[in-house]
Amino acid sequence: MRYEKEFKNLQLTEDTVLSIGKFDGLHRGHERLMDAVFKKTAAGLKAAVFTFDIPPQQTAKMLTTNEEKQRLFLERGVDYLVECPFTPEIMHMEAEHFIEELVKKLRVKCMAVGTDFRFGCQRRGDCRMLAQYAGVYGYEVVVVPKLQYGNRDISSTAIRDEICKGNIEPANEMLGHPYFIEGIVAHGNQIGRKLGFPTVNILPPEIKLLPPFGVYMSRVWIGGRCYNGVTNIGCKPTIHGGSPVGAETFILGFHENIYGKYIRVDILHFERSERKFAGLEELQEQLERDIQAGERYFAGRPD
């Protein structure tokens, strides 16, 4: 996959089928868009995605960071990913000019967008405008209907709402894959090891949305291998002095040293809220109960 951060002087040399959007979470609705894109690659077009960088002043937490989105698109076989900085020039660009620039720079022969797609200055552009100028600039438009879960449109906003409530299962259903936290295993305070429950710790970036602090059943991916785990997301309030917000996972039946390695933790089920215990002995007793709950949970899963 060719990854581009610069748009102003970009010029592709191959004809493309393009999808445009934020793609936060790359959920099932986005996957439907990507299906429409890949159908057009059978005619020789290259699969391209245009999205925006997360601005430095972004305050809303994201389902996926820029780096996570890059990996997800790479896994799905996208040929070109353009992650355009949201500059004042882009923000104030008129909708028709935006179409012209996309077609010219990315050699667009087909655009696949959702029904609620908006673009250009003050979001004046929509699907109807894309269709209006299709003959002028020589591209086809494919409009993909919204996908629903229950009686609600699948959207990044809907998924964020569920995750913020700790409703992991419906969030994962809408995503079409488990919500995950990833990073490099860092050294912690070794309290878990002293209590007989060695854990691996990762510190997600500030921009990453986290579910409510608590204990979750999880799956941990290490070098292509998958393990069952019990993950605490939070700041370890029982440990004096506090800790940065992170994800601390006890991996069932795992005893290797993986400090400095990249791992991905898939969040599957909320078990209990994080709380401060009276001391380490009480914490140890709760950890034993959490691990027993984890063993029961995974024993009852068909997969």
Side-chain angles (χ1 to χ4, degrees), residues 21-34 51-55 58-73 75-76 114 116 146-183 199-221 226 228-237 243-250 262-275 290 293-294 297-298 301 303:
K22 291 182 180 178
F23 295 99
D24 189 22
L26 203 54
H27 54 63
R28 286 174 57 201
H30 296 140
E31 289 288 0
R32 178 177 275 193
L33 273 175
M34 297 313 300
T51 187
F52 288 105
D53 190 3
I54 301 170
Q58 173 84 28
T59 55
K61 302 293 187 179
M62 307 299 291
L63 298 173
T64 43
T65 66
N66 289 339
E67 293 76 16
E68 289 167 353
K69 278 197 291 188
Q70 289 170 33
R71 277 189 280 276
L72 290 172
F73 280 123
E75 290 171 4
R76 281 152 180 76
D116 60 349
K146 282 279 191 179
L147 194 62
Q148 288 200 321
Y149 175 75
N151 59 356
R152 188 179 188 183
D153 286 346
I154 293 178
S155 68
S156 300
T157 299
I159 296 167
R160 278 193 289 268
D161 287 347
E162 296 295 346
I163 288 174
C164 287
K165 295 173 185 174
N167 298 332
I168 304 302
E169 284 86 350
N172 287 348
E173 284 291 330
M174 287 189 281
L175 281 167
H177 58 82
Y179 192 63
F180 65 87
I181 302 167
E182 64 179 16
T199 57
V200 294
N201 299 269
I202 54 177
L203 301 175
E206 278 288 321
I207 199 68
K208 179 74 174 183
L209 179 72
L210 296 177
F213 290 176
V215 172
Y216 295 82
M217 301 309 163
S218 60
R219 285 252 167 84
V220 185
W221 291 89
C226 184
N228 298 329
V230 178
T231 297
N232 184 82
I233 298 173
C235 55
K236 308 174 189 175
S243 301
V245 175
E248 181 181 21
T249 302
F250 177 82
Y262 161 86
I263 66 171
R264 190 184 81 200
V265 179
D266 291 345
I267 307 301
L268 305 179
H269 171 75
F270 173 76
E271 181 65 24
R272 67 169 178 85
S273 297
E274 184 179 58
R275 65 187 181 93
D290 291 340
Y297 174 82
F298 288 107
R301 282 181 66 96
D303 56 348

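Side chains included, hydrogens not; waters and symmetry mates left out as well; all remaining heavy atoms used.
No option in I263, T231, V265 other than I263 meets the side-chain contact (heavy atoms from CB on, under 4.5 Å) test with V200. No option in E68, K61, M62 other than E68 meets the side-chain contact (heavy atoms from CB on, under 4.5 Å) test with K208.
Pairing each heavy atom of I154 with each of K146, the nearest pair is O-NZ, 4.0 Å. Nearest heavy-atom pair, L33 versus G114, reported as atom, atom and distance to 0.1 Å: CD2-N, 3.7 Å. Contact record, G246 with P204: CA-CD, 3.9 Å, taken as the closest heavy-atom pair. The nearest pair of heavy atoms linking P178 to L268 is CB-CD2, 4.1 Å. Residue F23 comes nearest to H30 through the heavy atom pair CA-CE1, 3.4 Å, listed as atom of the first residue, atom of the second, then distance.
With 3.5 Å as the limit, one finds no donor-acceptor pair spanning the side chains of S218 and D266. No hydrogens or angles considered: nothing links the side chains of N232 and E248 as a donor-acceptor pair under 3.5 Å.
How far OG1 of T51 is from CD of Q70: 10.5 Å, rounded to the nearest 0.5 Å. One finds the CG atom of L203 at 7.0 Å from the CG atom of N201 (value rounded to the nearest 0.5 Å). In this structure, OH on Y262 lies 11.0 Å from CH2 on W221, to the nearest 0.5 angstrom. To the nearest 0.5 Å, atom NZ of residue K22 and atom CG of residue D53 are 12.5 Å apart. Note: F250 CZ to T199 OG1 = 9.0 Å, rounded to the nearest 0.5 Å. Atoms CD1 and CD1, from I163 and I267 in turn, are 9.5 Å apart once rounded to the nearest 0.5 Å.
Taking 4.5 Å as the limit, some side-chain heavy atom of E271 sits within range of a side-chain heavy atom of M217. No side-chain heavy atom of L26 sits less than 4.5 Å from a side-chain heavy atom of T64. When side chains are defined from C-beta on, N172 does not count as touching H177, because their heavy atoms never get closer than 4.5 Å. Using a 4.5 Å heavy-atom threshold, the side chains of Y179 and L63 count as touching. Looking at heavy atoms from C-beta onward, L147 lies out of side-chain contact with D153 at the 4.5 angstrom threshold. With contacts defined as side-chain heavy-atom distances shorter than 4.5 Å, the pair S273/F213 does not qualify. The closest side-chain heavy-atom distance from M34 to F73 is below 4.5 Å.
In this structure, H269 has its ring center at least 6.0 angstrom away from the ring center of Y216.
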Show your reasoning for whether side-chain contact (heavy atoms from CB on, under 4.5 Å) applies to L209 and C164.
CA-CA 8 Å; L209 179 72; C164 287; 3.8 Å; yes
Could you go through the side-chain contact (heavy atoms from CB on, under 4.5 Å) check for S156 and H27 one step at a time?
CA-CA 7 Å; S156 300; H27 54 63; 3.6 Å; yes
Verify side-chain contact (heavy atoms from CB on, under 4.5 Å) between V230 and V215, making sure each step is shown before the conclusion.
CA-CA 7 Å; V230 178; V215 172; 3.6 Å; yes
Applying side-chain contact (heavy atoms from CB on, under 4.5 Å), run through I233 and E274 and close with a yes or a no.
CA-CA 8 Å; I233 298 173; E274 184 179 58; over 6 Å; no
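Applying the side chain to side chain donor-acceptor pair (under 3.5 Å) criterion to R152, with sequence neighbours excluded, gives D161.
Using a 4.0 Å cut-off between charged nitrogen and carboxylate oxygen, D24 and K69 do not count as a salt-bridge pair.
The salt bridge (Lys or Arg N to Asp or Glu O under 4.0 Å) pairs that include a residue from residues 167-182 are R71-E182, where partners are two or more places apart or lie in different chains.
Few gaps surround CD on E67; more than 12 heavy atoms of other groups in view lie less than 6.0 Å from it.
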